[in-house]
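Here the structure is laid out as structure tokens; the discussion comes afterwards.
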Amino acid sequence: DTGVSQNPRHKITKRGQNVTFRCDPISEHNRLYWYRQTLGQGPEFLTYFQNEAQLEKSRLLSDRFSAERPKGSFSTLEIQRTEQGDSAMYLCASSLGGFGTDTQYFGPGTRLTVL
Amino acid sequence: EDQVTQSPEALRLQEGESSSLNCSYTVSGLRGLFWYRQDPGKGPEFLFTLYSAGEEKEKERLKATLTKKESFLHITAPKPEDSATYLCAVHPRGGYNKLIFGAGTRLAVHP
């Protein structure tokens, strides 16, 4: 399978704990995105990387959230001191890049439940 | 503010009963409009990209069209396996490459 992969697929944690999610993009894609999706809503943009550079961050990404993409390959999203409101599906997407708009391909997501 | 509104929120069809889903958008400038399909518990699956008013794209029983203010996803003679949530997203001009999604239309096709 050469699509976007995410791990873990499910995470249950207690309030106040830290969690980290991993995303492996499609191998030749240099753009990587994180989105968050709650029940009954569409995905909301969190952050965007071009290669290893984090070029855009949403206001949704509070100080408790941090994302990295070392060496421009896989990416991690860490949430510190989790809150119940952080419960959601966290989606990663990647795209090839180039001029103009390009298609974002999504992974299966990581479902986070904060108790 | 850039915004995407999809209607209806939910749609129930009998197998073979054709219908259309609507996506209305307000953006400062449109670089592209995307349709995705999402099955429960899974990530969105890409269907179409439309770039300019008047453009149409087809794939099996699905046809997407675009005007200056909205897009339609036409479903012809749907089958139960077409049941899913259909998401519309816009890529506005300016900024980088974030997509702005609507809340989706939940489609259920019954035999």
Side-chain angles (χ1 to χ4, degrees), chain A residues 1 3-7 9-10 21 23 25-26 29-51 53-61 88-113, chain B residues 1-10 21 23-25 27 29-52 55 57 59 64 66 71 73 84-107:
Chain A
D1 186 9
V4 177
S5 61
Q6 293 187 245
N7 287 288
R9 293 294 311 279
H10 303 275
F21 309 142
C23 171
I26 295 171
H29 287 187
N30 62 22
R31 295 177 177 177
L32 187 146
Y33 315 79
W34 285 97
Y35 290 82
R36 180 171 70 186
Q37 185 176 26
T38 54
L39 199 62
Q41 299 299 313
E44 292 178 291
F45 172 81
L46 293 178
T47 191
Y48 158 63
F49 290 85
Q50 179 149 324
N51 299 311
Q54 187 175 22
L55 298 183
E56 189 171 10
K57 292 170 62 174
S58 165
R59 294 188 304 273
L60 293 175
L61 216 65
M89 174 79 90
Y90 289 83
L91 294 163
C92 176
S94 69
S95 67
L96 187 59
F99 293 107
T101 192
D102 61 342
T103 300
Q104 296 181 25
Y105 295 91
F106 284 81
T110 294
R111 167 78 62 190
L112 173 66
T113 302
Chain B
E1 181 182 348
D2 300 324
Q3 193 169 359
V4 178
T5 302
Q6 291 188 246
S7 62
E9 290 185 10
L21 313 182
C23 170
S24 298
Y25 62 89
V27 291
L30 183 69
R31 292 172 68 177
L33 184 142
F34 298 80
W35 282 98
Y36 287 85
R37 168 191 170 130
Q38 187 173 29
D39 293 304
K42 297 187 177 181
E45 174 188 346
F46 170 72
L47 293 173
F48 303 109
T49 308
L50 302 166
Y51 295 101
S52 58
E55 189 174 1
K57 288 194 177 173
K59 178 181 179 181
L66 181 64
S71 177
L73 184 66
T85 294
Y86 290 86
L87 295 166
C88 171
V90 297
H91 180 187
R93 291 191 187 280
Y96 290 100
N97 295 298
K98 69 179 182 184
L99 295 180
I100 298 173
F101 280 84
T105 293
R106 294 189 311 279
L107 174 66

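Only heavy atoms go into these numbers, but all of them, side chains included; no hydrogens, no water, no symmetry mates. Below, chains carry the letters A, B, ... as their sequence lines are ordered, and counting in each starts from 1.
Side-chain contact between B:Leu99 and A:Tyr33 is absent, with no heavy-atom pair separated by less than 4.5 Å. Residues B:Asn97 and A:Ser95 fail the side-chain proximity criterion, which asks for heavy atoms closer than 4.5 Å.
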> How far apart are the C-alpha atoms of B:Phe46 and A:Phe106, what are their side-chain angles, what is the distance that settles it, and do they pass the side chain to side chain contact (heavy atoms under 4.5 Å, CB included) test?
Replying inline: CA-CA 8 Å; B:Phe46 170 72; A:Phe106 284 81; over 6 Å; no
>> Quick one, B:Gln38 with A:Gln37, criterion side chain to side chain contact (heavy atoms under 4.5 Å, CB included). Give me CA distance, side-chain angles, the key distance, then yes/no.
In response: CA-CA 12 Å; B:Gln38 187 173 29; A:Gln37 185 176 26; 2.9 Å; yes
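The two residues A:Pro43 and B:Leu87 have their closest heavy-atom pair at CD-CD1, 4.0 Å. Considering every non-hydrogen atom in both B:Pro44 and A:Leu91, the closest pair reads CD-CD1, 3.9 Å.
At a 4.5 Å heavy-atom cutoff, the contact between B:Lys42 and chain A is made by backbone atoms alone.
Aromatic rings from B:Phe101 and A:Phe45 are positioned such that their centres are separated by 6.0 Å or more.
Note that NZ of B:Lys98 and CG of A:Leu46 are 11.0 Å apart. Values are rounded to the nearest 0.5 Å.
In terms of modelled atom types and a separation under 3.5 Å, the side chain of A:Gln41 and the main chain of B:Gly102 share no donor-acceptor contact.
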